[in-house]
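To start, the structure itself, in structure tokens.
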Amino acid sequence: MEYLSTRDKTLRLSAAEAIKMGLSRDGGLFTPVSFPVLSALEVETLCGMDYQRRAAYIMGKYLEQFRPEDLALFAQRAYGPDKFDCPEVAPLRKLDGKTWCLELWHGPTSAFKDMALQMLPQLLSTSLKMTGETKTACILVATSGDTGKAAMEGFADVEQTKILVFYPEHGVSEIQKLQMITQEGGNVGVCAVRGNFDDAQNGVKRIFSDPAIREELAGRGYFLSSANSINWGRILPQVAYYISAYCDLINTKEIKLGQKVNFCVPTGNFGNILACYYARKMGLPVGKLVCASNCNDVLTEFIRTGVYDRNRPFHTTMSPSMDILISSNLERLLFDLSGGDDALVRGYMEELSRSGRYEIAPELKERLQELFYGGFCGEEDTAASIQMLYQYNYLIDPHTAVAAKVLTDYRKGSGDMTPAIFVSTASPYKFCDSVLEAIGETPVAGSVERIAQMQERTGTTAPARLAALKGKQPRFDSVTERERMDEAVLSFLQ
Ligand SMILES: *Cc1c(COP(=O)(O)O)cnc(C)c1O
């Protein structure tokens, strides 16, 4: 399978090169030239496999360059019992005869980012070998919380890689900070930035585009790379769990092979829901793709009107991983919906960076609306959604609560009662404050204490690694001014 850039179709790369580079030099995103379709027989075969084998099989369709036995080994390592706390890896929880929740947070950092970031480092490190790269890849990450920890956990002690994470000094939850500064591994670094997430992200972007730094690092034997969801190596592992969830519904006789299922995905950068769209392109019988946002509702408006407009206030919410105004992966969807019109996509993206706004052509909008429904959920409704599911004995985090509410809204508005799966992207124990408040408890002081409080009050069990944060020694305490992030990189890569 070859990969092309969404902004220049003539650029063709191998999977290994696309994964190594992350982002195309023209600013576009790498996308496979075609999507392999699974036959009914293949889906039946997948039904008989465990999660690891399903993932390796599906990834193999896009990575013929990689040896199947390597992919099988990567999946064993990524999703094995020492990493995931349940054998199903991505279990489905049944809520009623037509509704299920797909739990994607059973990995080492308790957020769905693990599903991809346990796999990407292995793909990257193999890609370096395949392309004859001798330099060490340095992964720079700016994080608002979940990505940084999941990326470090995935890259810790991976050969020929180093990883440095920047987080806004006061912009992540206490649990998230504790998770990061206690990270183990000889090749990892963490640094707080005096500023907000945008400052950290802009700093990283500046370093990426600074030729002097690139040259200096090349002299030291390093090149810079990204673990952001623009990397194809992050999207691909996510396609697997949509297909796997469908297989599980067949295995438990909830649906028949070929029957349609709707998916509702809590969305930020559009990576997760894009993977669902790609699964549909591979022949998975997906009905509606329901795109759920919090009150940063730029995607809801886009799907309803065809106008993408980031010129709006930025809201800080209790679902921070969805506090985002530029959803990078939307570019891949537009490329695909337009039949691969790279000039059109380039034009929209130029307008977006110039004016913060673009409007898609009417026929594109029509196709978008056939496939997708967009809805959003405000803060009060998010809390009410947590409370509502808790009454049914199911404790969910605020991101998941947004999806549950938007799915309900979609069903009420459309009358579409197709069996549906909403996606759960984080453990409620990552967001104890908001969850405790939503279920009518007053959070005690101290983040690790709240974990204990929530276990006691709800009778549920915290993921072992979050509970083990209590008593863990911090390894990192550096803080940098936002103008001096480049110095932090240079001193990390001595
Ligand atoms: C990253 C994240 C999301 C958003 O996923 P995208 O792929 O960026 O759309 C939703 N929920 C949680 C908990 C996340 O960490």
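Since this is a predicted model, take the numbers as computed values, not measurements. Counting starts at 1 for both ligands and their atoms, in listed order.
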Residue list, side-chain contact (heavy atoms from CB on, under 4.5 Å) with S226, at least two apart or on another chain: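 Residues passing side-chain contact (heavy atoms from CB on, under 4.5 Å) with S226: F208, N228, I230.
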Could you pull out every donor-acceptor pair under 3.5 Å between side chains of residues 18-25 and any protein atom, sequence neighbours left out?
{"from": "K20", "atom 1": "NZ", "to": "T131", "atom 2": "OG1", "distance (Å)": "3.4"}
{"from": "K20", "atom 1": "NZ", "to": "E133", "atom 2": "OE1", "distance (Å)": "2.9"}
{"from": "S24", "atom 1": "OG", "to": "D26", "atom 2": "OD1", "distance (Å)": "2.9"}

Lys/Arg N to Asp/Glu carboxylate O, D85 vs R465, below 4.0 Å: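 No, this pair does not count.
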Ionic contact status for E331 with R7, cut-off 4.0 Å: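 Result for this pair is yes, salt bridge flagged.
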Put together the list of close N/O pairs, under 3.5 Å, between ligand 1 and the protein, could you?
{"from": "ligand 1", "atom 1": "7 (O)", "to": "G271", "atom 2": "N", "distance (Å)": "3.2"}
{"from": "ligand 1", "atom 1": "7 (O)", "to": "N272", "atom 2": "N", "distance (Å)": "2.9"}
{"from": "ligand 1", "atom 1": "8 (O)", "to": "N269", "atom 2": "N", "distance (Å)": "2.7"}
{"from": "ligand 1", "atom 1": "9 (O)", "to": "G268", "atom 2": "N", "distance (Å)": "2.7"}
{"from": "ligand 1", "atom 1": "9 (O)", "to": "N269", "atom 2": "N", "distance (Å)": "3.2"}
{"from": "ligand 1", "atom 1": "9 (O)", "to": "F270", "atom 2": "N", "distance (Å)": "3.1"}
{"from": "ligand 1", "atom 1": "11 (N)", "to": "T425", "atom 2": "OG1", "distance (Å)": "2.9"}
{"from": "ligand 1", "atom 1": "15 (O)", "to": "K113", "atom 2": "NZ", "distance (Å)": "2.6"}
{"from": "ligand 1", "atom 1": "15 (O)", "to": "D146", "atom 2": "OD2", "distance (Å)": "2.8"}
{"from": "ligand 1", "atom 1": "15 (O)", "to": "S321", "atom 2": "OG", "distance (Å)": "3.4"}

Plane angle bin for Y308 and Y358 - parallel if under 30°, tilted between 30 and 60°, otherwise perpendicular: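 Y358 vs Y308 ring planes: parallel.
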Sequence neighbours excluded, every pair satisfying ring-ring contact (aromatic ring centres under 6.0 Å, His included) that has a member inside residues 375-408: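 Counting only pairs at least two positions apart or across chains, the ring-ring contact (aromatic ring centres under 6.0 Å, His included) contacts touching residues 375-408 are H399-F431.
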